[in-house]
Amino acid sequence: MTLDYNAIEEKWQSRWEENRIFEADPDEREKFFLNIPYPYMNGFLHIGRLYTYLRGEVLSRYKRMKGYNVLFPFAFHCTGSPIVNAARRIADGEEKQIRILKNMGVSEELIGKFADPEYWTEFFPEMTKVHLRQIGATIDWRRSFITTSLNPHYDRFISWQFRKLKEDGFVIKGAHPVIWCSKCQNAVSDHSRLDGEGEIPQEFTLLKFRHGNDFIIAATLRPETVYGQTNLWVDPDETYVRASVNQEVWIVSLQCAQKLADQEKDVHILENIKGIELIGNSAVAPVIKRAIPILPSKFCDPNKGTGIVTSVPSDAPDDWMGLFDLKNDASLREKYGLCIDDVQCIEPIAIIDSKGWGEYPAVEICKKMNIRDQHDREKLTKAKKEIYKSGFYTGVMNKNCGEYSGLKVEEAKDKIKAMMMEEKEADIMFEPSGKVTCRCLTDCTVKIVRDQYFLAYGDPEWKRLAHEALDNMRFYPEVIRKQFDYVVDWLNNWACTRKVGLGTKLPWDENWMIESLSDSTIYMAYYTISHMITKIEPEMIDDSLFDYIFLGKGNPEEISERIGKDLEFTTSMRKEFLYWYPFDIRSSGKDLIQNHLTFCLFNHVAIFPKELWPKGFGVNGWLMIDKEKMSSSKGNVFTADDMHGKYGADVTRFALMYSGEGIDDPNWETNFVETMGDKLEQWYNFALENYGKGNEEVHYIDRWFDSMVLSILKEVNSLYEEMMFRSAIQRGYFDMQRALKWYLKRTSAPNRAVMDRFIEVQTKILSPFCPHVAEEIWEAIGKEGFISTSAWPEPWKEADESMLQSEEHLKSAIDDIREILKVARIENPKNIYIYTTPEWKWKVVKVASEEKEFKTAMPKLMADEEMRSLGKKVSKFLTTAIKDRIFVERVDERGILNEARGFISQETGADIHIDEPYDPENKADNAVPGRVAIYIE
RNA sequence: GCGGGGGUUGCCGAGUUUGGUCAAAGGCGCAGGGCUUAGGACCCUGUCUUGUAGAAGUCCGUGGGUUCAAAUCCCAUCCCCCGCACCA
């Protein structure tokens, strides 16, 4: 019979809904609360997210069958600027953005609506819900919500959280550099950029070179290289300015002067100065306090840094090539009035020992890469990167670096910078880490924003609490614990407010918006009451309500009166929260370890009492498609809807869950997926055809199969508990099916009770992965109610291990026969004689396995009359038994073989004779426990 | 460099915590056979090398060591992947 996946999906999804089986309310059962991070609503759910989602989904189904009252809610994240920006692009009629929506499957006539950000927050949550529903989601949708001020209830909740954090001193204030558009007079977030996504403010050290009463300023990313300075570079054709900067006179590019004004400097431009005027002069370099010459070069960019560069030819390929050109090009020297003596004497100064390089890495790499001159930009950029990386990570300051010699570059860098700042020999400025262009086509710069608020994750006391929470948590898998420990220590203060985008306004400073990673840290608590709080008018909600619900503070009678509800309503919210909280597992992709999940932990320990701290985190890898990373350039980013359309819900679910587990990247194998539909259908047909049928007699092999099922079930159980779903499928489906095949091969007529039990167990084990087919089977075999809410199979007895072992003996006997047939090239065996192990050998093995040593085992055996009579044979066999570690458990070989005689005969095509005296080649003697002797004619 | 994870038989991937039953599960691929009008569907068998009696040899990144015994323990070493942030 062919399964109509579409029909059964719709059938069961509607029934689940009608019966509200996934709507969770507190009751007398033990609860289990798990959740996953809500996705951002600027597109459809892709299968990577679906994978993360399904891990929660499968666990929730399993736990429900285990008898827990399971809460598995879901919500939609709308905070931040991407939606706003994308909406504006639609409003502007931007082709690229329109195409993105069209490719997602948004119809032509709807596109116009996306000009309004609010429409995104309606459309995508709705679609996500549809896509999750059709895949068989177990969500309690009553509790869903969107974030930001578009949801006034949630908005109040976040305001409460932030007031709370501020009161307790977790929010601090400071200055913060942001990417800035001087034309728009606004911070330019990633997605409002025409160009330069991902670029961030980067800190440069400004080195001050005394030049008369002025300072020539050079910007560097490598302050530690000041010890290797040999000269300054100035572009002779460029115009610089003399400007008063905080009461000093600085010489910098005009562009730089403007930026400095944005970065908290008091800047007044005094006059212009031509680059050429500076050439040939000298200036006193910081730290080394030595006058160094100012030389011409063409790689000084007035838009970058100060337009003036200090030269460290030992470690900067550009600098080395600059010198190289001057030394080798007489016309160049002449042009700027320099003579050979001015440059010939300049030699690199070795300052850093780093792995794989001699004392002048820059010189070396220029040779190695065959760099022609200072205009060979592409190669130079590459060279710079390589030298910087090895220098920074592996380098150690050498003897030329004064008190810093012997320090790692990594440490020296900050120390030297701090020292120069202290001595007023340096300052700092920020530049974007790469070119950033605003949508208004202006090149962006960096501005220091005042009044930036931070969450003080750098605070040691807060970290201590977070560690304490970690120590009491469970992790899935356990290996990620160390990662969290590390991240908690490493995390620093986090800028938690933004100027633009959707979100909740900072309650005490409404010029600011709470950014998207900060308004999503304790909302799991909000799920517990989200379906109730919407019954209160948002204007009536104030902090006292949340204080009561989440912290048990205040007087519920007064609060009830204020919100216009009866007391029971108010107290039931508190009760509901206490019933579900803390959550048992929050599971997400591994990218969220270092931000979201750790933030979640920090915020919980800041706000809630210990007993409400998170109990567990689960983490999974990134889904690969046929071993390739998903990326739009490869065109392999599929949505949940795509896969559902192609393979149906159960196959998609099954394939995703079989794709991987743990922290490794799971891999979606198209090859595998395509065979799964048939496999599920096969199981469906098998179950229907075989349920309720069979023999009443109980044979050995029936008991074996029963034990096998029990034994696998036990393992599958603990695999489910650990969220090891790939292994659970491996054992619970593939291995189970193999056992079934063996059973069917071995038995002439399956036992009805054993078979029924097996079909039930197998279907239940599969049901969290493929719930629709499972329900369909459940119904077809005449079960009441849903399999989704039925009880997980509990072991009906202990698995009989000796029976499992016996069957292994039989398998190995057959393997042996096959081996002999193959090696001896016997085509058509007529008679196979099997000789079992004589009783005395079993005795020897028993003693051997107890004693493990010849000298103690032998006397023990010799105490036995019968053994003594066998004499040498015993001693000889004992030696082999101990040497080959034949310590097997006693099984009834003859019984098993007799029982399986027909089977062996059928497998080999010969007549089987067991323990007959006929033994022409004296094979019988080969029999040892665990291995029968064989003679074939 | 720091932190984390890993290197297993054509590929993927178990096994390593608790050394022996490990030539090493399972899946995929491949080969042969069966079923079939046919099949990319299904079933069976095989898939390191050699082997005319169930064996032997080699093997788990590399080199050492411990042990009666090592994929598994110890030491050294090489290589790969992820993160090193303010990005939804």
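To find a chain, count down the sequence lines: A is the first, B the second, and so on, and within it residues start at 1.
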- A:Gln762 versus A:Tyr733, side-chain donor and acceptor atoms under 3.5 Å: no

- Does anything in residues 590-600 of chain A pair up under side chain to side chain donor-acceptor pair (under 3.5 Å), and if so which pairs, sequence neighbours excluded? A:Arg586-A:His596, A:Lys590-A:Asp665

- What pairs with A:Gln452 under side chain to side chain contact (heavy atoms under 4.5 Å, CB included), at least two apart in sequence or on another chain? A:His176, A:Phe454, A:Ala495, A:Thr497, A:Trp512

- Looking at A:Lys923, does any N or O in its side chain come under 4.0 Å of the phosphate oxygens OP1/OP2 on B:G54? no

- Taking atom types as modelled, find out whether A:Thr504 and A:Asp519 have a side-chain donor-acceptor pair closer than 3.5 angstrom. no

- Identify, with sequence neighbours excluded, every residue that meets side chain to side chain contact (heavy atoms under 4.5 Å, CB included) alongside A:Glu808. A:Lys811

- Query: What does nucleotides 6-15 of chain B look like as a protein-contact string, B for base, S for sugar-phosphate only, - for none, at under 4.0 angstrom between heavy atoms?
  - Reply: ------SS--

- Message: At less than 4.0 Å, is any side-chain N or O atom of A:Arg738 found next to OP1 or OP2 of B:G26? Yes or no.
- Response: yes

- Item | Integer angstrom distance from the P of B:U77 to that of B:G27 | 40 Å

- A:Ala924: partners by side chain to side chain contact (heavy atoms under 4.5 Å, CB included), with sequence neighbours left out: A:Tyr835, A:Asp919

- Message: Could you check whether any side-chain N or O of A:Tyr647 sits under 3.5 Å from a backbone N or O of A:Ala655, counting only pairs where one atom can act as donor and the other as acceptor?
- Response: no

- Message: Using atom P in both nucleotides, what's the gap between B:C60 and B:A24 to the nearest angstrom?
- Response: 15 Å

Protein and nucleotides 39-46 of chain B: nitrogen or oxygen contacts under 3.5 angstrom:
unit_1 : atom_1 : unit_2   : atom_2 : d
B:U45  : OP1    : A:Lys745 : NZ     : 3.4

- Item | Short side-chain to backbone donor-acceptor contact, A:Trp462 and A:Phe602, under 3.5 Å | yes

